[in-house]
Amino acid sequence: MGATPTDHIVGELEDVDYQVWIAEDLLPRRIVMTYKYAPGEPQFWAEFSDWNLKPKISAKTFAFKPPKGAEKIQSMLPVIESEAKSKTQGGS
């Protein structure tokens, strides 16, 4: 984990045991998940570093441009009345 002091938290769920290392800034530095009932008890490891909590991202990054020939399909989800009114009246 390098020179960064961390707290080590361990827990278990029905199918997964997990470990998380949390630094003084309350950001995770490592997570390990063990799938205890899968053959061979495989593990997932992730190391986290160089956190950027104030990235400079433009709205353009999330702009959707459908591919040529794409068609919009009707949603199967119901629209709640108050949400529909808000959207047609310029709300968010």
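Keep in mind it's a predicted model, so treat the numbers as computed, not measured.
- Rounded to the nearest 0.5 angstrom, Glu41 CD and Lys36 NZ are separated by 9.0 Å.
- Taking each heavy atom of Asn52 and Lys54 in turn, the nearest pair found is OD1-N, 3.0 Å.
- Atom CD in Glu24 sits 9.5 Å away from atom OG1 in Thr6 (nearest 0.5 Å).
- Glu71 meets the salt bridge (charged side-chain N to carboxylate O under 4.0 Å, His left out) test with no other residue; sequence neighbours excluded.
- In terms of the salt bridge (charged side-chain N to carboxylate O under 4.0 Å, His left out) criterion, Asp7 has no residue partners (sequence neighbours excluded).
- By the side-chain contact (heavy atoms from CB on, under 4.5 Å) test, Ala70 pairs with Pro66, Pro67, sequence neighbours left out.
- Here Asp25 contributes atom CG and Thr4 contributes atom OG1; the two are 8.0 Å apart, rounded to the nearest 0.5 Å.
- Remark: Asp15 engages no residue in a side chain to side chain donor-acceptor pair (under 3.5 Å) (not counting sequence neighbours).
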side-chain contact (heavy atoms from CB on, under 4.5 Å) evaluation trace for Tyr37 with Val16: CA-CA 8 Å; Tyr37 298 121; Val16 177; over 6 Å; no
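- Ile73 pairs by the side-chain contact (heavy atoms from CB on, under 4.5 Å) definition with nothing, not counting sequence neighbours.
- When side chains are defined from C-beta on, Leu53 counts as touching Leu27, because their heavy atoms get closer than 4.5 Å.
- In the model, Thr34 has a side-chain atom that pairs as donor or acceptor with a side-chain atom of Gln43 under 3.5 Å.
- Legend: residues meeting ring-ring contact (aromatic ring centres under 6.0 Å, His included) with Trp51, ordered by chain and number and at least two apart, are Phe48.
- For Asp50, the CG atom sits in a loose shell: 12 or fewer heavy atoms of surrounding residues, nucleotides or ligands are nearer than 6.0 Å.
- The line from CE of Met33 to CD of Glu12 is 14.0 Å long, rounded to the nearest 0.5 Å.
- Going from atom CD1 of Ile9 over to atom CD1 of Ile22 covers 4.5 Å, rounded to the nearest 0.5 Å.
- Put simply, CH2 on Trp21 and CZ on Arg29 are 13.5 Å apart, with the number rounded to the nearest 0.5 Å.
- Residues Phe44 and Leu13 share a single hydrophobic cluster, defined by chaining ILVMFWY side chains whose heavy atoms lie under 4.5 Å apart.
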